[in-house]
Amino acid sequence: MLSKAYEPKPVEAKWSETWQKERLFISKPSAGKKPFVVVIPPPNITGALHMGHALTYTLQDVLVRYQRMLGREACWVPGTDHGGIATQNVMEKMLKAEGKTRHDLGREEFLKRTWAWYGECGSMILGQLRKLGCALDLAPENVRFTMDTKRAAAVFEAFRSLWDKKLIYRGERMINWCPRCGTALSDIEVEYEEEKSKLWHIRYQFEDGSGSVTVATTRPETMLGDSAVAVNPEDARYSALVGKKLRLPLTDRLIPLIADEGVEKDFGTGAVKVTPAHDPLDFEIGQRHKLDMPRVISYEGRMTNCPEKYAGLSVQAARKAVVEDLVSGGLLEKEEHYKHSVGKCSRCSQHIEPLVSEQWFVRMNRLAAPAIAAAESGGVKFYPPSWKKPFTAWLGNIQDWCISRQIWWGHRIPAWYCRSCSAAGLKFSDTGELSRVSFTHGAKPVISFEKPAACPDCGGADLLQDPDVLDTWFSSSLWPFSIFGWPEKTADLDYYYPASVLVTGYEILYLWVARMVMSGIEYLGKPPFSQVYLHGIVRDKHGKKMSKSLGNVIDPLAVIEKYGTDAMRFSLMAQTLGGKDIPFSDEATVGGRNFVNKLYNAARFMQMYLPETPAPLEAEMPEELADRWITERYGSALARSRAAMEEYDIPKAQDALYAFIWDDFCDWYLELAKPRLQSEGRENVLALMLELFTGALKALHPFMPYVTEELYSNLKLYLKKPGGCLLNESWPEAPRTVSPAAAEMLELMGVIGQIRTARSQFEIPPGKAIKVLASSSDPEALARLEKGAAYVKLLAKVEELRLGRDLPKPPRSLSAISGSFTLYVPMDGAVDLEKEKARLTKELEKARKDNEQCLGRLNDPAFVARAPRAETEKINARAVETAGKISRLTVILEELK
RNA sequence: GGGUGGUUAGCUCAGCGGUAGAGCACUGUCCUCACACGACAGGGGCCACAGGUUCAAAUCCUGUACCACCCACCA
């Protein structure tokens, strides 16, 4: 006999290995079959997978396995993402532990080490995906990486093509700079957080001594880079003063008072200091008025190009010093408490500095328009649909995308500069490379993957590659087709593109999803997928985001270790509705674990009765009430599950099967089958049980692949058509129902329930058999109960069931009512009359209240006139039923007195 | 400032026009020959608040409060 409790570990190890070895998950273009393609969000090689990965990959695995069982050629290509800044930060942290920085190693050595890390971390991640049960073929030749040779070719082709169309340009613009990561970021890589700060009111005096203008600012230190003070042209307070010169405090510079529409009259003092190099709005004002653009904050986040006293200070220190000096100079008018949001680096949470810098950009307007159209027309459909609006709104308001990053790990920008043509403008570092933040001053780039042999202009051979790398999302945006070999015209691309569905968390809707849609349309003329399923974020049980600093991170592998993969998958899938965030806790997994165990034990139960040497059962399908009923329930569960899957309602799809197995199959059918398995015709009962149970295993396989495969592999030996691995089986079809059984079964279940309740309330031990009298005035009901007597006897532990019309209540007995039946349970000893009265009175009260409500509605002419017929009939029936119950209960209670 | 979603049993959430449901937790009985990771039974909810529509509202509409998230050049 097998152990009582299911042990997931050996089972998971066995099947995981078998599936890979048999290349079960491999997909090949197959002319006769419709493909079903899921685009995997490639995990970054920044470390172990977390709970969010477990969620997204399980979700995808469920879809892939399900569709495969429905007969589609399901394709899900594994891969990892090089992860740009995130991975570089991980590497730098490791180096720091050795007391080194990346500059100690140099670019080449640093890249070598990062590639080695990719080797380690990448395969660890693939191993973890395997543990999650993902139906991914992990043979090395099948695994993609955003920086492997083929993907690099795709990146170059995309870059070249956009450059040729003038959709990529290099320019000097306001960007978000992270002084800690030492790189520019795109707008969406900045996260804004509300911070308590101050609003400083600073007096700028007129050069001619005719008074002053007060400006309000949250960043006094940037005043060292001011090149004007601006007011709204409509602002009467200032209109006469516009054009006058102001003395910039703490410096010896003079700046003009200008008028610009960007300034709001009602904010602060209505006058704003303009720092074109370090504020996005000021930059625009500066452009409009052709102002100087002194850069006073360096790429390291320190003051520069300013009075000696502040030079080299950090922004924070400079702020303090500037405020102090303003105070002592009598120029600080006031200081207000103020809350505003501050931009932070999404990768390292440090404050970002807006500053002007020369970078590479993608012009987005033209790319965004067709993506918006695709969403509007339903060519790309969102689940849940509420994401369509934010998607189109973001695209409609899109800014150019800064794609250059001043880091080392990533796709090097395929642009080269000729040293002899453009030497005057190029700025070099000591190593002869272009410096970390390069100024090419309009030097003409040559776009080439490899170093060009000669400069097309002057023929010189001394070309230097742009030192920057591309935003990691640039390569990610090509993923849905780069994985199939684009830009080559491959058979895979032809067959699998576009994909069916993209499943990912809503937090990367703009970073990734929107950009994939744009690039798919741009390069292949079609959106890369027709459906987008956006799920929520896995949070801790209090709804907090999991983070290392909060110490509330749950490691999926630890959960698997403790409860098993199927249990974790089940629990995660039970909560993924509507794209809402998922509060996850260890305890939540217990439910899944218990269900897995339930399946295992149901199988164990059947195996007790199956012959030891497996052979297909020779049997006829039985057709008694319970058989017909359970077949009906099975069919209904499958239908509901399937319908839910069509709408990506994973929890509902799973729950329909769960409820069938637990509530119907185990609690009722198996219990009813027990005596039948001891007697003649047991093969028939076993055959039906096997058919339904193995069918349910198939249907459940996408959700819990391991336990279902394990159980099926044992049970299938008794089936006429055993099949192979579950993944190659068809998702089950609902069988034809022979004749309706639900109503009859429900009637019996009601009687059983009433007897059980009476037993329980009067603490009749479960093992003790009792007598029951069932009285009814309805002869048909009595006939039905007679037919079902065996069920009642079995499940309510009744040794003798007497049926009859208007049977008198035996002395010392309990009473209960179920449908048309009045049930009496004679007791051995005295009955606690008070308890019985209280119980029945409560029932009576309930029935009275119900009856009153029904009558109230039936006596309401408006209800009778307006409500649909079916509704009035229903209420009427209930009124009759409750009335009957009331009169019978009243009689019983009278007798008790 | 704009937008979206939420507010239902102690907890996590279903239900979205016909008299409130699940899982977990709780109480009682039972280690009944599949499963105590179990069985059976039970307790527990003016469905955030205020109006409105309707014969009928947790469910539709309007507003309020609180929570969460997203977007925005909040000097």
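Each chain gets a letter, A, B and so on, in the order its sequence line appears, and its residues count up from 1. Since the model is a prediction, treat every value here as computed from it, not as a measurement. Values below: every heavy atom of this structure, side chains too, minus hydrogens, waters and symmetry copies.
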Flag the pair [X] and [Y] as a salt bridge only when some basic side-chain nitrogen lies within less than 4.0 angstrom of an acidic carboxylate oxygen.
{"X": "A:D832", "Y": "A:R839", "answer": "no"}
{"X": "A:R173", "Y": "A:D400", "answer": "yes"}
{"X": "A:E845", "Y": "A:R848", "answer": "yes"}
{"X": "A:D235", "Y": "A:K265", "answer": "no"}
{"X": "A:K545", "Y": "A:E507", "answer": "no"}
{"X": "A:E647", "Y": "A:K652", "answer": "no"}
{"X": "A:R219", "Y": "A:E221", "answer": "yes"}

How far, in whole Å, is [M] from [N] if one measures between their [atom1] atoms?
{"N": "B:rC47", "M": "B:rG17", "atom1": "C1'", "value": "15 Å"}
{"N": "B:rA50", "M": "B:rA14", "atom1": "P", "value": "24 Å"}
{"N": "B:rA58", "M": "B:rG45", "atom1": "C1'", "value": "11 Å"}
{"N": "B:rA75", "M": "B:rG5", "atom1": "C1'", "value": "32 Å"}
{"N": "B:rA48", "M": "B:rG43", "atom1": "P", "value": "24 Å"}
{"N": "B:rG28", "M": "B:rA34", "atom1": "P", "value": "27 Å"}
{"N": "B:rG42", "M": "B:rA25", "atom1": "C1'", "value": "15 Å"}
{"N": "B:rU32", "M": "B:rG38", "atom1": "P", "value": "15 Å"}

Please classify the nucleic acid contact of [X] as base, sugar-phosphate, or nothing, using heavy-atom distances under 4.0 Å.
{"X": "A:Q575", "value": "sugar-phosphate"}
{"X": "A:K797", "value": "nothing"}
{"X": "A:R857", "value": "base"}
{"X": "A:F762", "value": "nothing"}
{"X": "A:C854", "value": "nothing"}
{"X": "A:A659", "value": "nothing"}
{"X": "A:D279", "value": "nothing"}
{"X": "A:P390", "value": "nothing"}
{"X": "A:K389", "value": "sugar-phosphate"}
{"X": "A:V864", "value": "nothing"}

Residues in side-chain hydrogen bond (donor to acceptor under 3.5 Å, both in side chains) contact with A:Y658, at least two apart in sequence or another chain: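 Residues passing side-chain hydrogen bond (donor to acceptor under 3.5 Å, both in side chains) with A:Y658: none at all.
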Does OP1 or OP2 of [N] have a side-chain N or O of [X] closer than 4.0 Å?
{"X": "A:S585", "N": "B:rU12", "result": "no"}
{"X": "A:K4", "N": "B:rA34", "result": "no"}
{"X": "A:K598", "N": "B:rA39", "result": "yes"}
{"X": "A:R593", "N": "B:rC37", "result": "no"}
{"X": "A:K545", "N": "B:rC69", "result": "no"}
{"X": "A:K768", "N": "B:rC40", "result": "no"}

Exceeds 12 heavy-atom contacts within 6.0 angstrom, atom CD of A:E7: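 No.
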For A:N859, does the CG atom have more than 12 heavy-atom neighbours from other residues, nucleotides or ligands under 6.0 Å away?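 Count over threshold, so yes.
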Once you round it to whole Å, what is the distance between [atom2] of [N] and [atom1] of [X]?
{"X": "A:Q761", "N": "B:rA41", "atom1": "CD", "atom2": "P", "result": "11 Å"}
{"X": "A:I582", "N": "B:rA14", "atom1": "CD1", "atom2": "P", "result": "11 Å"}
{"X": "A:D850", "N": "B:rA20", "atom1": "CG", "atom2": "C1'", "result": "14 Å"}
{"X": "A:F605", "N": "B:rU32", "atom1": "CZ", "atom2": "C1'", "result": "13 Å"}
{"X": "A:L577", "N": "B:rU8", "atom1": "CG", "atom2": "C1'", "result": "16 Å"}
{"X": "A:F391", "N": "B:rC71", "atom1": "CZ", "atom2": "P", "result": "14 Å"}
{"X": "A:Y6", "N": "B:rG38", "atom1": "OH", "atom2": "P", "result": "16 Å"}
{"X": "A:K562", "N": "B:rC37", "atom1": "NZ", "atom2": "P", "result": "14 Å"}

Heavy atoms under 4.0 Å is the rule here; annotate nucleotides 24-30 of chain B 5' to 3' with B where the base is hit, S where only the sugar-phosphate is, and - elsewhere. ----BSS
Any stems for RNA chain B, made of 3 or more Watson-Crick or G-U pairs in a row, each with both distances under 3.5 Å? B:1-7 with B:65-71, B:10-13 with B:21-24, B:26-30 with B:38-42, B:48-52 with B:60-64
Assess the pair A:Y648 and A:Y383: is the distance between their ring centroids shorter than 6.0 Å?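 Yes, ring centres under 6.0 Å apart.
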From [options], pick the nucleotide closest to the side chain of [X]?
{"X": "A:K874", "options": "B:rC69, B:rC37, B:rG18", "value": "B:rG18"}
{"X": "A:E871", "options": "B:rA41, B:rA34, B:rG18", "value": "B:rG18"}
{"X": "A:Y510", "options": "B:rC70, B:rA34, B:rA41", "value": "B:rC70"}
{"X": "A:A867", "options": "B:rA34, B:rG18, B:rG42", "value": "B:rG18"}
{"X": "A:P868", "options": "B:rU19, B:rA34, B:rG18", "value": "B:rG18"}
{"X": "A:F863", "options": "B:rA34, B:rC69, B:rG18", "value": "B:rG18"}

Sequence neighbours excluded, the answer for ring pair (Phe, Tyr, Trp, His ring centres under 6.0 Å) partners of A:Y791 is none
Which atom of A:W668 lies closest to which atom of A:R756, heavy atoms considered: CH2-NH1, 4.0 Å
Please verify the inter-ring angle class for A:F665 with A:F693; under 30° counts as parallel, over 60° as perpendicular, anything in between as tilted.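 A:F665 and A:F693: parallel rings.
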N/O donor to acceptor pairs below 3.5 angstrom from side-chain atoms of residues 564-571 of chain A, sequence neighbours left out:
| unit_1 | atom_1 | unit_2 | atom_2 | d |
| --- | --- | --- | --- | --- |
| A:T565 | OG1 | A:E12 | OE1 | 2.9 |
| A:T565 | OG1 | A:K131 | O | 3.1 |
| A:D566 | OD1 | A:Y706 | N | 3.2 |
| A:D566 | OD2 | A:V707 | N | 2.7 |
| A:R569 | NE | A:F703 | O | 3.0 |
| A:R569 | NH1 | A:D61 | OD2 | 2.9 |
| A:R569 | NH1 | A:L132 | O | 2.8 |
| A:R569 | NH2 | A:D61 | OD2 | 2.7 |
| A:R569 | NH2 | A:P702 | O | 2.8 |
| A:S571 | OG | A:A567 | O | 2.9 |
| A:S571 | OG | A:A588 | O | 3.2 |

So which of residues 212-224 of chain A are in contact with RNA chain B, with a heavy-atom cut-off of under 4.0 Å?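 Result for residues 212-224 of chain A: A:A216, A:T217, A:T218, sorted by number.
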